[in-house]
Amino acid sequence: MKAIDILKQEHRVIEGVLDALDAALGKAEAMGPTFFLETTDFMRGFADEFHHMKEENVLFELLIAHGMPRHGGPVAVMLAEHEQGRQLTRALRSAAERWAGGDVAARAEVVDNAQNFIDLLRQHIVKEDNILFMVAEQLLPPDAQTQALAEFERVEQRLAAPGTREKYIALAAQLRQTSSG
Ligand SMILES: [Fe+2]
Ligand SMILES: [Fe+2]
C-alpha cells in the first residue's frame, strides 16, 4: 500500500463518523451526550492524532522539502484547518460534558459545534483528496513515498499502544450503527 492510499483510507473512516455525527444532529436529544463524547474520543484519537500527525509531521514536511512553500500555500491552509478542527472538537467536547452534567442548554452548543466541524472537515478532505494528494504523488519521488510509509508506522507507534488503531476502527463502526438506529 502507498502512503497516500493510507491517508485516503483514513479519510473514508473519518467521513463515516462525520456521516454518523450528521445523522445524530437531527435527533440529538434522543441520542444523548454519550454519543457526542464518544465521537470526540474518535476525532481526537484517530482523526487528530493518527491521521493529522501523519500529514503534519510526515507528508507536509516532505512536500516542503520537495519545494512546496511552508507559508502562504496549500500546506499552510491545511494546517490552519487542522487547528480550526481542534478548536471545534474542544468546544464540542466541553459542551457535551456540560450537557452530560445536567446542563440541557448545552445541547444546542453541541449541535452548532458539530455542524461546523462536519462542514469544515468534509471540505478539508475533498481538498486533500482531489488537490493536495495529487500534487504529492507528482511531486514526491518514489523513495520519498516509501520513506513516508515507514514514518507513518512510527507516528502511530509513538502515539499509542499496539491495537489502538483497531480500537478506533471498531469505535467508528459502533458510532455509525448507533446513529442509524
Ligand atoms: Fe488534513
Ligand atoms: Fe487528511
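Every number for a ligand or one of its atoms is a count from 1 in the order of the listing.
Under the ring-ring contact (aromatic ring centres under 6.0 Å, His included) criterion, F35 pairs with no residue, sequence neighbours left out. With sequence neighbours excluded, the residues that form a side-chain hydrogen bond (donor to acceptor under 3.5 Å, both in side chains) with E15 are R12.
Counting only protein N, O or S atoms closer than 2.8 Å to the Fe ion (ligand 2) gives 4.
Note: the hydrophobic cluster containing V135 also contains F60 (ILVMFWY, side chain heavy atoms under 4.5 Å, direct or indirect links).
N130 places a side-chain N or O within donor-acceptor distance of the main-chain N or O of V126, the cut-off being under 3.5 Å. When atom types are taken as modelled, the side chain of H66 and the backbone of L62 share a donor-acceptor pair closer than 3.5 angstrom.
Within the structure, every pair that satisfies the ring-ring contact (aromatic ring centres under 6.0 Å, His included) test and touches residues 96-120, not counting sequence neighbours, is listed here: F36-W99.
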